[in-house]
Structures are given as C-alpha cells and as structure tokens.
Amino acid sequence: MAVAASRPPRSRVDPLITVTPASDIELVAGLRAGDTDAFDAAYARHAPRLFRFLVHLCARRHVAEDVLQETWLKLATHAPELRPETELGAWLFTVARNGWLSRARVESRVVELESAGERAAPEPTPESRAVASSAVRALERALSALGDGDREILLLVGVEEMSPATARAVLGLGEVAFRQRLHRARSRLASELERAPRLASSDWTEK
C-alpha cells in the first residue's frame, strides 16, 4: 500500500497535525482506497488515545512508542483488507493490545509501571501536574499493583471511556465474561485503594 512507503508512521504523537474532520466510516473508506490523507486523519484522531493506553499498559514510554509505531505500520499494511463497517478505534486498540501481549510474551516477564515523572510529557501540562498530586499517585500505585488483565480492562473503561461493546471487542470477550472480569478488576482496585483512604475512588469502582 502506498501509505506505508510515502508516509511512515511517527513514533511519537504529534500534536501539530491538523486534518479535516471525518467520521470513522469515511476514514475506513479512505484507508481502503489508499488515501494518505485518511491515514493522517486516522492518526490525528486515534494516536493520542492509543499512546496514553499503551504508556499505562506497557509501563515504559519507549516500549509504548514502539508498539504504537507497529500498530500504525499494520494499519498501513492491512488497510485495503478492512471491512467497510470496521470500527476503526476498536481495530486499532485490538492491534495495539495484541502487539503488547506478543512483546510481553517474548520478554517473558511482567513489567511494572514506571514512576509518574518518567511517563510525564517533556513540557509541563495541567495533566502532568495533576499526576503529581497525592491522590493520582495513589491511584497509579493501586493500578500498578493489579495484574495485566485487570489493568487493561480498567484502562479501556475508566480512562478511555470505551463503551462495554467496544471494550469487549478489543479484549475478545463475551458479555458475561466481560462483566465478570470488570467486576473482579473493580473489586481488586477498590481493595488496593483502601490503603490510600484519601483517594476518592468512585470514578473507577462505580462507573
């Protein structure tokens, strides 16, 4: 596909990209046709969320960047094979998650979350200042104490605010299995948060 050769995916999220807004259905149609503008538009729309998800899931910024780049390379390669009705966000999150799982299996070890300072953006932002607060740091510690399966489902639902149907598609779970895993993950997170009594955990445990 011409996209891969003419516009290699960027390894970092570029906040300066500006493209004409389009629906995901239109983006998929453009991607299937080899439209490089559609590729740029898809990147601008989904890369920041994907990167945020991967940073928390992979625990290391450079690994998240590698997996993100691999995800966009796969989109460039397989775009012509997308079905017209493909939900692009779910497709990208599924590829990114599978890319991380494959890498983790090769490394044969569980990676712990790095400190908030190492994950923060180079320039101070309101978000990075918030991460420095005691409440958010307590949440980070509680989240890092969970297993990968619990952490990823909470990231999809709690951080990325995915609908249950989309999150189920990313994780490859049926409705019952999804609800059971989400309930267990929320319960385990609540247990971890009991060690930080000042943290208001309702957004994570009751959403």
Side-chain angles (χ1 to χ4, degrees), residues 10-13 15 43 45-72 89-107 109-164 166-173 178 181-182 184-193 195-196 199-205 207:
R10 302 163 180 83
S11 62
R12 295 177 183 271
V13 175
Y43 187 93
R45 173 171 297 175
H46 294 289
R49 294 179 64 212
L50 271 174
F51 185 63
R52 179 175 59 195
F53 171 70
L54 286 168
V55 165
H56 285 87
L57 190 62
C58 299
R60 292 170 296 173
R61 190 181 184 90
H62 74 278
V63 174
E65 291 172 348
D66 288 347
V67 176
L68 180 69
Q69 184 171 15
E70 292 167 3
T71 300
W72 291 102
W91 190 93
L92 289 167
F93 271 85
T94 300
V95 171
R97 173 181 177 263
N98 289 341
W100 157 242
L101 291 176
S102 295
R103 181 164 185 145
R105 282 193 293 267
V106 170
E107 293 180 350
R109 63 189 179 88
V110 177
V111 180
E112 296 182 353
L113 290 176
E114 292 180 329
S115 66
E118 291 176 301
R119 289 198 311 274
E123 297 297 328
T125 65
E127 184 179 44
S128 65
R129 287 193 292 271
V131 169
S133 71
S134 60
V136 175
R137 282 189 282 112
L139 176 57
E140 292 285 349
R141 287 194 297 270
L143 195 60
S144 69
L146 301 178
D148 289 346
D150 291 336
R151 188 163 62 245
E152 67 182 3
I153 196 170
L154 289 172
L155 289 172
L156 292 175
V157 175
V159 175
E160 301 309 326
E161 299 183 341
M162 282 188 177
S163 68
T166 301
R168 288 201 309 269
V170 171
L171 298 173
L173 296 174
F178 175 83
R181 181 185 290 188
L182 182 58
R184 286 194 300 267
R186 285 171 169 166
S187 296
R188 289 165 180 161
L189 181 63
S191 296
E192 291 295 332
L193 291 177
R195 304 176 185 179
L199 180 62
S201 59
S202 59
D203 287 345
W204 286 85
T205 58
K207 184 174 178 179

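Basis for what follows: all heavy atoms, side chains included, without hydrogens, waters or symmetry-related copies.
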**Student:** Report the distance from atom CG of L189 to atom CZ of R151, rounding to the nearest 0.5 Å.
**Tutor:**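 L189 CG to R151 CZ: 11.5 Å, rounded to 0.5 Å.
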**Student:** Of the non-hydrogen atoms in A96 and L50, which two are nearest, and what is the gap between them?
**Tutor:**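 Closest approach of A96 to L50: CB-CD2, 3.8 Å.
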**Student:** Calculate, to the nearest 0.5 Å, the distance between atoms CZ and OG belonging to R97 and S102 respectively.
**Tutor:**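 R97 CZ to S102 OG: 10.0 Å, rounded to 0.5 Å.
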**Student:** Holding to side chain to side chain contact (heavy atoms under 4.5 Å, CB included), I want the full list of residues that pass it with T166, two or more places apart in sequence or in another chain.
**Tutor:**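 Partners of T166 under the side chain to side chain contact (heavy atoms under 4.5 Å, CB included) test: E87, A90, M162, S163.
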**Student:** Could you state the interatomic distance from NE2 (H56) to CG (L156), rounded to the nearest 0.5 Å?
**Tutor:**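 It is 12.0 Å, given to the nearest 0.5 Å.
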**Student:** Could you tell me the separation between the CD atom of E65 and the CG atom of L54, rounded to the nearest 0.5 Å?
**Tutor:**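 Output value for this atom pair is 10.5 Å.
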**Student:** For H46 and W72, what are the C-alpha separation, side-chain angles and deciding distance, and is it a side-chain contact (heavy atoms from CB on, under 4.5 Å)?
**Tutor:** CA-CA 10 Å; H46 294 289; W72 291 102; 4.3 Å; yes
**Student:** Could you please spell out the steps behind the side-chain contact (heavy atoms from CB on, under 4.5 Å) verdict for E152 and R181?
**Tutor:** CA-CA 11 Å; E152 67 182 3; R181 181 185 290 188; 3.4 Å; yes
**Student:** Quick one: CG on L92 to CZ on R45, what's the gap to the nearest 0.5 Å?
**Tutor:**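 The CG atom of L92 sits 11.5 Å away from the CZ atom of R45.
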**Student:** Please find the pair of heavy atoms, one from L154 and one from L146, that lie closest to each other, and give the distance.
**Tutor:**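 Looking at all heavy atoms of both residues, the closest pair is CD1-CD1, 3.6 Å.
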**Student:** Taking all heavy atoms of F51 and all of L68, pick out the closest pair and write down the distance.
**Tutor:**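 Result for this residue pair: CD1-CD2, 3.9 Å.
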**Student:** Among residues at least two apart in sequence or on other chains, which ones pass side-chain hydrogen bond (donor to acceptor under 3.5 Å, both in side chains) with R168?
**Tutor:**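 Expected list: none.
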**Student:** Provide the closest heavy-atom pair for A167 versus V157 in the form atom of the first, atom of the second, distance.
**Tutor:**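 Heavy atoms of A167 and V157 come nearest at CB-CG2, 4.2 Å.
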**Student:** At what distance, to the nearest 0.5 angstrom, does CD1 of I153 lie from CG of L182?
**Tutor:**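 So the CD1 of I153 and the CG of L182 are separated by 4.5 Å.
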**Student:** Can you name the nearest heavy-atom pair linking W100 to V67, along with the distance?
**Tutor:**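 Taking every non-hydrogen atom into account, N-CG1, 4.0 Å.
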